[in-house]
Protein chains: 2
Amino acid sequence: MIDKLEMFIALAREEHFGRAAAAQGVTQPTLSAAIKQLEDQLGVMLVWRGSRYQGLTPEGQRALDWARRIVGDARSLRQEMRVAREGLSGDLRLAVIPTALTVVSDLTAGFGAAHPNVRFSVQSKTSAEILSMLENLEIDAGLTYLDNEPLGRVTTVPLYAERYVLVAKSGHPLLNGPVKWSDLADVQLCLLTPDMQNRRIINQHLSEAGVEVAPQIESTSVVVLVSHVVRSNWATILPVRAAEIFLKGDDIGSVPLIEPDASHVVGLVAPHREPFTPVLAALLERARSLSELKGY
Amino acid sequence: MIDKLEMFIALAREEHFGRAAAAQGVTQPTLSAAIKQLEDQLGVMLVWRGSRYQGLTPEGQRALDWARRIVGDARSLRQEMRVAREGLSGDLRLAVIPTALTVVSDLTAGFGAAHPNVRFSVQSKTSAEILSMLENLEIDAGLTYLDNEPLGRVTTVPLYAERYVLVAKSGHPLLNGPVKWSDLADVQLCLLTPDMQNRRIINQHLSEAGVEVAPQIESTSVVVLVSHVVRSNWATILPVRAAEIFLKGDDIGSVPLIEPDASHVVGLVAPHREPFTPVLAALLERARSLSELKGY
DNA sequence: GGTATTTGATAGGCATATCCTATCGAAAGG
DNA sequence: CCTTTCGATAGGATATGCCTATCAAATACC
């Protein structure tokens, strides 16, 4: 039963029998049969059947919610038993917005030393992808914005408030003092792609300052942005935490962006499932002790 | 997997391999094998093994919590799909304290008419048994005291406040006006057994009024108490709601018990599992609309 | 103290479920 | 019109689940 629910979740996620089967490490006929059996056992159609996958029925949608719960709890059970057996161990799968990637090392620093058997897997994703992956049990926790878009049924631990700086090559005229958002009208900017929440935040502040931007360079990667700043004449806007790591040398500099002195809360997000698995509980505890926003 | 978890729950409840197997409709070797496989899959011992069942290990205890969650959710999934298929239907298993048995008909009255395919099964239990059966998924909801003993992780809907009357044969000298608890010192009382919370409540009020009682007749059934009142010379103490149904004829009468005018809240109790299954949600809704204690 | 009973584990055998490979038919794409 | 994609179906090997029968240890009883 639980295996079939896993396959059902995979099917809903991949929207494709073949890919879902591959993701589950079974062949396509096996997954097809599993879905059919699930439908027989529950007595309802879960998937619209044509010659191809055509989405979930309303019952399928409701069943998916339960399936996620059941499968998630079953994994929690297994994980907790493994921890009972061999101490904190296992994989902790994180997805992180690009501008918070440097914060991961703060989280893992003490954690990795205290729990050497816990392995981290970190991937860079958009905030929307992070929420969807949390729902689909593809990751155990995420690092994303907490104060902008609706999050759903999750536990959150605020970590810090993002503040923004303009990053440009050393000697750039704007680097001499705080820069207003409205000063950026004629600056050549490279920015994250618009599917990134960070970009939408920046767009909003720029537009509120009456500035229209159409960056020639967009990327999903902060590294790409910074290397364009270093190697060419672009400037970029980054959260302080994301920029810091690049500011060690003399190549580039940064100044705070003011009017407004914008700030957006970033933190850890995890599925809310009482009780938490030991590994996740430990990570949340670590995040709380690290938080700059205890009272948030 | 889920089947094995069901067997594990049964074993924890019955504390006996053979009985647990019978309860699950399998033979004892099947259940033994299932538990062993569960232990193998989880990699931990769940049950202390001697020549007989000797309780759960700490890991077993934790696993039991998850197992209840998973099995309960799986049942919810199945029930919800059945409701999607054929409308509100299925069994609703209730356990009720004896003094609230007459209230069940208030709950079922409108409900049964609106949902003819829902069958009720009602059993009379102590409040402690009700809570334990809720935990073990043996019942779907209970009717018990809400304001005395700790309830655990449950949803409650208060229904009414129990108030107490003295019930005695017509013509009994005490029936002429309100009776104080302290007036009962020399009255021959028959009462519920001390494992019933109602009896403990009554004991407490009597003892606070300085009255010691050692009833010659004790029973788990209100019917037994009332028939002793009718046929012999005993009196008894009952909540109004439990007494009403017997007061139609002229054989017996009742008077309020005062000083104190004691009151204890009785209501519906159900496992807290979001979202509720449709049948349970409908019952809770019915209970809320019926409640005399909306603001409680 | 010796016998009977209770309790859970083990062994062997059968039925069923599961998962694979190979193939098919319908729909979509070019 | 041909090719590709996608999911369903068929057949066979393997694994799992559950049963009956039996055993060994512990306990209860005379």
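The shortest side-chain heavy-atom distance between A:R68 and A:N136 falls under the 4.5 Å cut-off.
The distance between atom CD of B:E39 and atom C1' of C:dA9, rounded to the nearest whole Å, is 13 Å. For the pair A:D40 CG and C:dT18 C1', the computed distance is 15 Å after rounding to whole Å. Between the CE atom of B:M7 and the P atom of D:dG17 there is a distance of 9 Å, given to the nearest Å. Rounded to whole Å, the distance from CD on A:Q41 to C1' on C:dA17 is 11 Å. Rounded to whole Å, atom P of C:dT18 lies 13 Å from atom CG of A:L31.
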Sequence-aligned protein contact record of nucleotides 4-16 of chain D, with B where the base is within under 4.0 Å of a protein heavy atom and S where only the sugar-phosphate is
--SBBB-------
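Taking CG of A:L225 as the reference point, atom OG of A:S219 lies at 5.5 Å (rounded to 0.5 Å). Atom CG of B:D140 and atom CE of B:M133 lie 10.5 Å apart (nearest 0.5 Å). To the nearest 0.5 Å, atoms CD1 (A:I217) and CG (A:L192) are separated by 13.0 Å.
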Check the pair A:E138, A:K125 against salt bridge (Lys or Arg N to Asp or Glu O under 4.0 Å), reporting the backbone distance first and the verdict last.
CA-CA 12 Å; A:E138 293 175 90; A:K125 294 284 172 182; over 6 Å; no
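Phosphate contact (OP1/OP2 of C:dT18, side-chain N/O of A:T30, threshold under 4.0 Å): absent.
Between B:I130 and B:I139, the shortest heavy-atom contact is O-CD1, 3.7 Å.
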